[in-house]
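Taking it in order: structure first as structure tokens, then the write-up.
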Amino acid sequence: MAQNAGRKKIALIGAGMIGGTLAHLAAKKEMGDIVLFDIAEGMPQGKALDLSQCGPVEGFDASITGTNDYADIAGADVIIVTAGVPRKPGMSRDDLLGINLSVMKAVGEGIKTHAPDAFVICITNPLDAMVWALREFSGLPANKVVGMAGVLDSARFATFLAWEFDCSVRDVNAFVLGGHGDTMVPVLSYSTISGIPVPDLAKIKGVDAGRLDEIVDRTRKGGGEIVGLLKTGSAYYAPATSAIAMAEAYLGDQKRILPCAAYVEGKYGVDGLYVGVPAVIGAGGIEDVVEIELSDEEAANLKVSTDAVEELLEACKGLDSSLA
Ligand SMILES: NC(=O)C1=CN([C@@H]2O[C@H](COP(=O)(O)OP(=O)(O)OC[C@H]3O[C@@H](n4cnc5c(N)ncnc54)[C@H](O)[C@@H]3O)[C@@H](O)[C@H]2O)C=CC1
Ligand SMILES: O=C([O-])CC(=O)C(=O)O
């Protein structure tokens, strides 16, 4: 099916495990016409053809095309970036910094030339540094470039809490702040089950502090747990669905408050960094960063996490002098 000028356009840069899953979700939800871009020749075209053939079975109207040419992303309303390399067992996300930084440079320049008005969601790891670099390379306004991690990390936290409290995940609203690494900050005091703060419900249900610490720790290491099981790459279903929620918030001007790696200037004691914070997503992109009050311990943990992100930015500047 040809692209339809009356529909939104979603460009997916990187057509691997997350990229393909994103395309399927976006098509099923009829979010718009979809362009899958990758440097691998034939692969995005092949996935686009395969996904197009889901249409008659699933009953969606969406054009899905594959390309190796950045010119085809022109006019995109939303761009989701997963181009790069995932980690394998034994690696940290930070080990991907060098290789994925050069990918962000190519992607940033492609976006700058062909789709400078898009809302750009970066997923590539190490997330907080890559979204910063992507913004630098693309030159887009900071409110139009955001990183996906907090929605995923919070979903993991919510899943583990629901299992512990034997309740529906629908009733859990869990919340993770900070960088997307092992220093991320799952915040129990702002996590609720049906409006009841988790620490209060834990007292009622006899869940002790040690058990809650284990859940926090499992959340922090949630990506690595899946890498260890898959062995060939990292998680892709929940990362894709998390980014789709952010894209929908933008396209629908939903004003959702979602934990995202947003550009923070002057809040949380942070100046000029991308890091996970509650952010309002609407038609204006990242419309606001909400600064919540943290306990001394939570604030200290967030500082450890933001310091780790800052170190990665220094490493990026060392690798690419145009960032310094
Ligand atoms: N932010 C988050 O919460 C999460 C981040 N990730 C990260 O997302 C990234 C993608 O993961 P997967 O889709 O599983 O990897 P994948 O390897 O399946 O797909 C990556 C794709 O990027 C393509 N690619 C490489 N260089 C490119 C370039 N210069 N231009 C365009 N495409 C290029 C590859 O050909 C490949 O098809 C990884 O860096 C991974 O660590 C993964 C899960 C969660
Ligand atoms: O762990 C990884 O490498 C992928 C990722 O960021 C996640 O699943 O949270």
Side-chain angles (χ1 to χ4, degrees), residues 11-24 35-48 66-70 72-73 79-111 121-131 133-134 137 146-157 159 176 178-182 184 186 218-246 258-261 274-276 309:
L12 306 172
I13 313 285
M17 300 308 287
I18 305 178
T21 311
L22 284 168
H24 196 186
V35 176
L36 263 172
F37 173 97
D38 204 288
I39 46 163
E41 280 181 29
M43 188 270 266
Q45 293 85 349
K47 284 204 178 181
T67 184
N68 308 111
D69 183 354
Y70 271 110
D72 292 328
I73 71 167
I79 297 178
I80 308 180
V81 178
T82 59
V85 175
R87 65 172 159 158
K88 298 224 166 64
M91 295 171 76
S92 82
R93 294 181 182 92
D94 298 354
D95 294 335
L96 304 170
L97 186 118
I99 184 157
N100 285 348
L101 183 65
S102 56
V103 174
M104 290 305 101
K105 187 164 196 160
V107 175
E109 285 165 2
I111 293 172
I121 302 170
C122 179
I123 301 185
T124 303
N125 272 321
L127 188 270
D128 307 271
M130 292 303 99
V131 63
L134 185 64
F137 291 132
V146 65
M148 187 295 294
V151 177
L152 171 66
D153 297 327
S154 300
R156 287 183 175 143
F157 195 21
T159 304
V176 178
H180 184 56
D182 294 351
M184 71 179 73
R218 189 173 181 189
T219 302
R220 285 200 177 115
K221 297 177 181 152
E225 183 177 0
I226 293 174
V227 170
L229 291 165
L230 294 181
K231 298 183 182 67
T232 51
S234 49
Y236 48 99
Y237 293 113
T241 208
S242 300
I244 290 288
M246 293 167 66
L258 294 172
C260 318
Y274 270 91
V275 71
V309 173

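Whatever order the structure lists them in is the order used to number ligands and atoms, beginning at 1.
- Per-residue contacts place M43 under 4.0 angstrom from the following atoms of ligand 1 (heavy atoms of the residue considered): 37 (O).
- Atoms of ligand 2 found under 4.0 Å from any heavy atom of S234, numbered from 1 in the order shown, are 2 (C), 3 (O), 4 (C).
- With hydrogens left out, the protein atom closest to atom 41 (O) of ligand 1 is N125 ND2, 2.9 Å, a heavy atom.
- Note: an N/O pair closer than 3.5 Å links H180 and ligand 2 by distance alone.
- Put simply, the side chain of N125 reaches to within 4.5 Å of the side chain of H180, judged on heavy atoms.
- Residue contacts with ligand 2 for I226 are absent, since no atom lies close enough (heavy atoms, distance under 4.0 Å).
- Near A235, the atoms of ligand 2 lying under 4.0 angstrom from a non-hydrogen atom of the residue are 8 (O).
- Residues V146 and C260 form a side-chain contact, since some pair of their non-hydrogen atoms from C-beta on lies under 4.5 Å apart.
- Considering backbone and side-chain atoms alike, Y236 places every N or O at 3.5 Å or more from each N or O of ligand 1.
- Atom 32 (N) of ligand 1 has as its closest protein heavy atom A83 CB, 3.4 Å.
- For M17, a nitrogen or oxygen atom sits less than 3.5 Å from a nitrogen or oxygen atom of ligand 1, counting backbone and side chain alike.
- Nearest protein heavy-atom contact of atom 25 (C) of ligand 1 is G84 N, 3.5 Å.
- Closest to atom 29 (N) of ligand 1 among all protein heavy atoms lies V103 CG1, 3.6 Å.
- Using a 4.0 Å cut-off between heavy atoms, P239 contacts ligand 1 through its side chain alone, with no backbone atom that close.
- Not a single donor-acceptor pair under 3.5 Å links the side chain of D153 to the backbone N or O of T219.
- Under 4.0 angstrom from ligand 2, the non-hydrogen atoms of N125 all belong to its side chain.
- Distance alone, capped at 3.5 Å, is enough to place a donor-acceptor pair between the T82 side chain and the G14 backbone.
- Between L134 and V81 there is a side-chain heavy-atom pair separated by less than 4.5 Å.
- Partner of E225 under the salt bridge (charged side-chain N to carboxylate O under 4.0 Å, His left out) criterion, chosen from R218, R220, R156: R218.
- Scanning the protein for heavy atoms near atom 1 (O) of ligand 2, the closest one is R87 NH2, 2.7 Å.
- With rounding to the nearest 0.5 Å, the separation of OG in S92 from CG in D182 is 8.0 Å.
- For ligand 1 and N100, the ligand atoms under 4.0 Å from any heavy atom of the residue are 39 (O).
- Each side-chain hydrogen bond (donor to acceptor under 3.5 Å, both in side chains) pair with one or both residues in residues 97-108, not counting sequence neighbours, appears once here: K105-D320.
- Here is the list of ligand 1 atoms found below 4.0 Å of a heavy atom in L152: 3 (O), 44 (C).
- For ligand 1, the atoms closer than 4.0 angstrom to any heavy atom of V85 are 38 (C), 39 (O), 41 (O).
- Remark: ligand 1 and T124 share no N or O pair separated by less than 3.5 Å (distance only, no angle test).
- With contacts defined as side-chain heavy-atom distances shorter than 4.5 Å, the pair Y237/T21 qualifies.
- Among all non-hydrogen protein atoms, the one lying nearest atom 23 (C) of ligand 1 is D38 OD2, 3.3 Å.
- Put simply, the side chain of I13 does not reach to within 4.5 Å of the side chain of I80, judged on heavy atoms.
- Taking every non-hydrogen atom of G223 and a distance limit under 4.0 Å, the qualifying atoms of ligand 2 come out as 1 (O), 7 (C), 8 (O), 9 (O).
- Contact between D38 and N68 at its shortest, heavy atoms only, is O-ND2, 2.7 Å.
- Nearest to atom 42 (C) of ligand 1 among the protein's heavy atoms is I18 CD1, 3.4 Å.
- For A235, every heavy-atom contact with ligand 1 shorter than 4.0 Å involves the backbone, none the side chain.
- Taking the side chain as every heavy atom from C-beta outward, F37 and D69 never approach each other to under 4.5 Å.
- Side-chain contact between L97 and M130: present, with at least one pair of heavy atoms (C-beta onward) separated by less than 4.5 Å.
- A distance of 9.5 Å separates CG of L96 from NZ of K88, quoted to the nearest 0.5 Å.
- Formation of a donor-acceptor pair under 3.5 Å by the S234 side chain with backbone atoms of R87 is not found in this model.
- For atom 5 (C) of ligand 2, the choice among R93, R156, K221, M148 with the nearest heavy atom turns out to be R93.
- The closest protein non-hydrogen atom to atom 5 (C) of ligand 1 is I123 O, 2.9 Å.
- Heavy atoms of M148 found under 4.0 angstrom from ligand 1 belong to the backbone as well as the side chain.
- Here the heavy atom of the protein found nearest to atom 26 (N) of ligand 1 is I39 CD1, 3.5 Å.
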